[in-house]
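These notes concern the structure reproduced below.
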There are 2 protein chains.
Amino acid sequence: MSKPDTKHRILDAAERLFADKGYHNTSLRNITSAAKANLASVNYHFGSKEALISEVMDRRLAPINKIRTERLKAIQQTARDAGSPPLAEEAFCAFIEPMFTFRESAPNARHFIALVGRSLAEPDGTVRNIFKKQIMPVFQLLFEVISEALPHIPEKVLYWRLHFAIGSVSHTMHCLCSKPMIHTECAPPQDSTEVLRLLLPFITAGMEAPL
Amino acid sequence: MSKPDTKHRILDAAERLFADKGYHNTSLRNITSAAKANLASVNYHFGSKEALISEVMDRRLAPINKIRTERLKAIQQTARDAGSPPLAEEAFCAFIEPMFTFRESAPNARHFIALVGRSLAEPDGTVRNIFKKQIMPVFQLLFEVISEALPHIPEKVLYWRLHFAIGSVSHTMHCLCSKPMIHTECAPPQDSTEVLRLLLPFITAGMEAPL
DNA sequence: GTCTATAGATTGATAGAC
DNA sequence: GTCTATCAATCTATAGAC
């Protein structure tokens, strides 16, 4: 087990700094000095700052989204085989849990979670578009499964409720890494599992609310 | 009715640009050229870029938060007088509606809504802390009223649910101004009233979900 | 692959004339 | 209050030695 090479050290440092300080507020100098690498090495290994953030995002998102897609398709198939609609809560669990599981998988994984949680709120198109490209097919699939789970709710209402749910998930993701906003004394840093157990019923109840 | 003076033109331009491009990605030159003002005028009128964003936030947030506080206190008082708990949905309406009403009040108000919606997701402390300082007392009061509305739900659960609700609200606010994420064809730009009518039942159902 | 050195542009802030 | 001019620092990116 050799020590991580320059390219990986840069990716790790960029992931942490982009998450902590934001894309535009993080310079290549910040990254290379944190990674103990030379300033020129970023452009040698990645070509540009934009290509770097793109690789930072893709490296983690691709495997997570693969798991999400598999789980969502399995839920869809099982429901069709049984001839009964899938459960909305199961669908959301398939979407959220892989991200939370990843968070516990590595000591520094939480930085990436914060980065992703903020991506949809990024004012600049650079980061947001990279994220959108990766997440869009998963959102489409999630919407499909939710539609099957709640066929009595008009598509337009369902769309907005999914939108609200994504807001809850994003906000929770980027807050799980920094200080909570309010009542910090009754919300010490908890493990993701407990937060997931609280988040899923909230979302499910919101999705299934009477019209 | 004279044309707005330089200071106001700078505030308006800064509000729009900070919302569109983000704080760090907007330069003072961007702002002054949009405001048809001289570069040096920002430092003359405000002192620094940070003091400018601070005034951009405070100018709109202070009156909105005043209305929120009054409405929340009125709900609290009415419930106490009647000897019955307040309604969670009414409390959230008191919190959300003033922001949505403001959105329809002026042609360019929507920029500010996006700016606020993103504030909690700002990685940099500068913007986030300015916003926190303004919003914290309102959050505290909202939490109080919600606690009285749902006394059977443990405080810790209530805290997290409020956190999830704030995520939905923030995400909706900064998305109401740009393109929606998914299924754009079934979600054309709508007026805030309709979104509020969809958002309130979602949040209320989530807050009141069985344990 | 890693380094030094630097180009070329942009940043926030300020000094000083008017 | 508004302007020009500029400073000192910082930025991304690249050229070229090793």
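Lettering of chains follows the sequences in order, A, B, ..., and the numbering in each one begins at 1.
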Quiz item: Taking for each residue the nucleotide of DNA chain D bearing the nearest heavy atom, is the 5' side occupied by B/Thr6 or by A/Asn30?
Solution: B/Thr6
Quiz prompt | Proximity to DNA chain C (any heavy atom under 4.0 Å), residues of residues 36-50 of chain B only | solution = B/Leu39, B/Ala40, B/Asn43, B/Ser48, B/Lys49
Practice problem: Return the orientation label for the A/His174 and A/His171 ring planes: parallel under 30°, perpendicular over 60°, tilted otherwise. | Solution: perpendicular
Quiz item: For residues A/Thr6 and A/Ser41, is any side-chain donor paired with an opposing acceptor at under 3.5 Å?
Solution: no
Quiz item: Is the B/Phe112 ring parallel, tilted or perpendicular to the B/Phe102 ring (thresholds 30°, 60°)?
Solution: perpendicular
Quiz item: Would you call B/Glu70 and B/Lys66 a salt bridge, taking side-chain N to carboxylate O under 4.0 Å as the test?
Solution: yes
Practice problem: Quick one: sort the A/His163 and A/Tyr159 rings into parallel, tilted or perpendicular, breaks at 30° and 60°. | Solution: tilted
Exercise. Using a strict cut-off of less than 4.0 Å between a Lys/Arg side-chain nitrogen and an Asp/Glu carboxylate oxygen, indicate whether A/Glu15 and A/Arg60 qualify as a salt bridge.
Key: yes
Self-check item: Close residues, residues 12-28 of chain B, relative to DNA chain C [heavy-atom separation under 4.0 Å]
Solution: B/Thr26, B/Ser27, B/Leu28
Self-check item: Interatomic distance where CD1 belongs to A/Ile10 and P belongs to C/dC3 [whole Å]
Solution: 10 Å
Quiz item: Is any NZ, NE, NH1 or NH2 atom of the basic residue among A/Arg59 and A/Asp12 found under 4.0 Å from an Asp or Glu carboxylate oxygen of the other?
Solution: yes
Exercise. Under the side chain to side chain donor-acceptor pair (under 3.5 Å) rule, collect the residues that match up with B/Asn65, sequence neighbours excluded.
Key: B/Arg68, B/Gln134
